[in-house]
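Data first, discussion second: the structure below is written as structure tokens.
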Amino acid sequence: MARVHFPDNILPYTGGVREAVVAARNVRDLLRELEARYPGCHETLDRASVAIDGQIYQDAFLEPLGTNSDVHFLPRIEGG
Amino acid sequence: MAEAVDYKYVGSRPVRPDGADKVTGRAQYGADINLPNQIYGRILRSTVAHARIKSIDTSAAEAMDGVFAVVTGADFPVGEHGEIGGEGGGDVADVAQNVMARDKVYYHGHAVAAVAARSQSIADAALAAIKVEYEKLPLVLNVLDAMKDDSPLLNAQCFTKGLAEKPTKPSNIANVMTLARGNLDEGFAAADVIHESEHVVPMSHQGYIEPHACTATVNEDGRATVWLCTQGHFDTRAQTAKILGKSLADLRFIATEIGGGFGGKTVVYLEPVAVKLAEKSGRPVKMAMTREEVFRATGPTSGSVARIKVGAKKDGTITAAQAWIAMEAGAFAGAPIGPGAMAIFAPYKLEHFKVETFDVLVNKPKVAAYRAPGAPQTMHCMEVALNEIAIKLGMDPIDLRLKNAAEEGTQAPYGPKFPVIGFKECLEAAKKHPNYTRPVPAGAGRGVAAGFWFNVGMQSSAEVYVNDDGTVNVVEGSPDIGGSRASMCIMAAETLGVPYDRVRAMVGDTDTTGFCNVTGGSRTTFATGMAVIQACEDIIAQCKQRAAATWGIDADQVDWKDGQVVPKPGINAELKPLTLAQLAAKAARTGGPIAGRASLNAQGAGPSFAVNIADLAVDRETGKVDVLAFTCIQDAGTAIHPSYVEGQYQGGAAQGLGWALNEEYIFNKDGIMENAGFLDYRVPVASDLPMIDTVIIEVPNPSHPYGVRGVGETGIVAPLATCTNAMRDAVGFLIPDLPLSPPRVLAAIDAHG
């Protein structure tokens with residue numbers, strides 16, 4: 001079960017919930033599950049970067065989640 | 001720290017492959033491209049900073065002899081909303097309006113029409129013949145004023161994003177970002193000392209030497225070719241396609257050499273206009289900005305107002321930190337508030353913190369990315385606050401930072417735990433550096449500050465071709481701004497085991513090589529380098545197959561070693577190794593030309609930290625500041641070409657020093673920039689700076705085959721606070737705002753008595 005941490009801009013969708021525990025094999029499944037739980041969050045989360053166990057992925061989709069993965073959604077960073 | 005690896009070419013300092021052409025003038029930059037029957041495009045820019053366009057009369061211009069085409073906003077598609085990548089990119093509809101105004105102008109210098117004519121002088125005369133009728137609107141230039149409820153609005157459709165509740169009224173605050181952890185009250189209550197201050201950092205420009213330029217030609221079948229100076233021809237092609245409603249396949253973008261970008265050449269200004277003028281006139285159209293246009297109408301970085309509060313215990317432990325930072329977006333949303341908020345506290349272990357950042361519309365040019373976008377502005381206030389805390393505690397400022405420094409496993413303020421990072425190594429190197437241990441020169445002040453940037457990966461492609469004689473050609477799509485062709489050659493040489501001077505690299509165009517995102521985000525050596533390495537590994541795999549076939553043995557019975565295929569130890573010992581050149585010479589018999597390719601979305605970019613040390617001397621009668629010494633210490637992961645890494649550190653420092661000491665956009669009450677030229681917008685020149693000392697720390701990034709972290713951006717972050725802290729040491733009190741220009745310094749000294 002992955003522990004997922006939400007940024008502030010997702011809180012309107014989660015009703016203020018900052019963390020969730022989700023069973024998902026990869027980021028694709030995680031996004032589907034989160035949209036089912038918190039309708040409307042997908043559009044914003046899909047644009048975000050995802051950090052899985054400390055590693056930041058700019059365009060995560062098929063990246064696997066471990067049984068105790070720590071997942072954070074972050075604004076995309078591209079730099080100059 | 002990982003053990004040092006003994007590389008053959010990685011870490012060497014060969015002559016850059018593009019060097020001779022650049023120093024002899026052969027290199028072709030944006031404005032050097034000329035085509036037969038070419039005409040010249042120029043842009044008419046608004047004379048007011050905020051107005052509704054009532055009418056544009058182009059009839060006189062169109063009737064002029066030598067004028068081939070005139071365009072206004074009405075010639076461009078309405079456009080759709082959608083994201084354009086990169087800090088300062090923003091919404092494609094906004095970028096389209098920034099390229100050519102539609103019903104309103106939002107800043108002085110906003111493009112309102114364009115002409116293409118036989119000569120530049122005819123084009124300029126035609127611009128003068130265009131009549132634009134404006135209905136002036138109230139303007140707002142100050143970011144704090146723009147946030148007030150009664151401020152003039154730039155865009156009545158702008159509703160603040162990022163709030164817990166959807167707002168019911170429009171606002172100039174386009175976006176809000178908040179990061180928080182712990183309990184601030186608890187944290188500040190535990191503090192023995194607290195520092196609070198407010199800081200203004202001015203809007204500043206990247207100051208690239210080469211103004212924006214492009215040449216466009218459109219065939220009768222509607223297919224356009226554009227030569228341009230850009231940080232990313234694939235991304236600027238995509239922006240142009242969206243703005244013009246064209247397909248990507250109908251646009252071929254060819255990157256010329258580029259005279260600096262620093263984030264400012266990741267977005268389009270001229271290209272859609274040049275294509276439209278070429279389409280309308282049937283002739284190739286060349287456009288080049290003047291320096292004045294670059295200042296007035298391209299994207300500088302955000303000015304900001306920051307409020308900081310930091311508490312610490314007597315032993316230096318930071319107990320809480322709070323920041324409130326408003327950043328100017330210019331005319332359209334896109335101030336770098338996300339990375340700014342995420343960077344400000346990144347170097348430190350913090351239990352209790354909160355940072356709020358605001359992306360605020362003002363009647364100034366739309367900002368663009370600039371080296372570590374957002375981090376210099378936000379980290380300036382935190383690094384100054386830490387200096388004040390160190391003074392209050394009587395503690396060495398490096399020791400204070402060491403006490404709180406993030407390390408592998410520290411939970412970053414923006415969420416995830418850090419992988420292996422090199423901040424402590426930078427601090428320790430700074431503490432023992434001779435420029436820190438020697439006495440401060442009489443009458444001068446010394447300052448220290450830290451810098452940070454995330455670095456990114458993103459998408460890259462590369463092809464590698466082996467010629468019959470064993471020489472190697474690398475083709476990739478990342479414009480070479482900081483020496484990336486040399487780095488690609490080094491990594492290809494290291495991977496293939498062939499000498500550096502037998503490898504050549506070129507930047508392909510959008511029709512001739514695979515997709516690459518911009519050269520930005522400190523990503524090119526990391527991500528495009530990874531693609532080059534993988535393409536070389538593709539070649540190695542093929543060579544092993546071909547050698548095995550040549551020998552008549554199984555492929556699993558061979559190894560690759562030092563640029564040749566060898567039989568595995570203990571078997572087939574009689575076989576003589578086959579070099580890459582030998583295999584290439586016989587390639588026709590083993591399957592044809594040897595070529596490798598790779599396309600990837602590089603993950604695992606490693607954050608880079610820095611520590612800077614400055615000695616500044618202040619003339620108390622004039623306020624003039626002399627930089628006596630400046631030292632950059634930064635983690636590169638692994639320096640592929642150390643000279644280029646040092647160059648990036650020095651370049652970042654020079655730009656940071658310019659921002660800290662002199663550079664600022666100065667607007668009059670009508671929103672007109674009063675210093676739109678290098679005479680009055682004072683970037684540092686060689687005589688202003690000492691030799692900038694560098695120390696390359698190497699804590700390899702485990703996610704890259706050679707340990708690369710990005711190095712291009714971190715270097716600009718720390719100089720701002722380093723200078724403020726050195727000034728504090730020199731004059732004995734804090735001058736909170738930047739730049740520390742003679743008028744500001746003198747006024748502060750006079751006011752302080």
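Convention: sequence-line order gives letters A, B, ...; per-chain numbering from 1.
For the pair Met177(B)/Pro75(A), a side-chain contact is recorded, criterion being any heavy-atom separation below 4.5 Å from C-beta on. Between Lys166(B) and Pro12(A) the shortest side-chain heavy-atom distance does not fall below 4.5 Å.
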request  = Starting from the C-alpha separation in whole Å, work towards a yes-or-no answer on side chain to side chain contact (heavy atoms under 4.5 Å, CB included) for Phe61(A) and Asn601(B).
outcome  = CA-CA 12 Å; Phe61(A) 189 61; Asn601(B) 190 345; over 6 Å; no
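Between the CD1 atom in Ile77(A) and the CE atom in Met458(B) there is a gap of 11.5 Å [rounded to 0.5 Å]. Rounded to the nearest 0.5 angstrom, His72(A) NE2 and Lys417(B) NZ are separated by 8.0 Å. A distance of 9.0 Å separates CD of Glu78(A) from OG1 of Thr266(B), quoted to the nearest 0.5 Å. A distance of 7.5 Å separates CD in Gln58(A) from CD in Gln603(B), rounded to the nearest 0.5 Å. In this structure, the separation between OG on Ser49(A) and CE on Met342(B) is 7.5 Å, given to the nearest 0.5 Å. Atom CZ of Arg181(B) is separated from atom CZ of Arg18(A) by 11.5 Å, given to the nearest 0.5 angstrom.
Qualifying ring-ring contact (aromatic ring centres under 6.0 Å, His included) partners for Phe452(B), counting only residues two or more places apart in sequence or in other chains: Phe454(B), Phe609(B).
Partner of Pro416(B) under the side-chain contact (heavy atoms from CB on, under 4.5 Å) criterion, chosen from Val71(A), Val50(A), Leu74(A): Leu74(A).
For a residue to count as touching a neighbouring chain, one of its non-hydrogen atoms must lie under 4.5 Å from one of that chain's; by this rule Arg47(A) touches chain B with the side chain only. Interface remark: Leu11(A) contributes no atoms to any contact with chain B (heavy atom separation under 4.5 Å). Of the atoms belonging to Gln231(B), it is side-chain heavy atoms, and not backbone ones, that fall under 4.5 Å from chain A. Both the backbone and the side chain of Thr178(B) come within less than 4.5 Å of a heavy atom of chain A.
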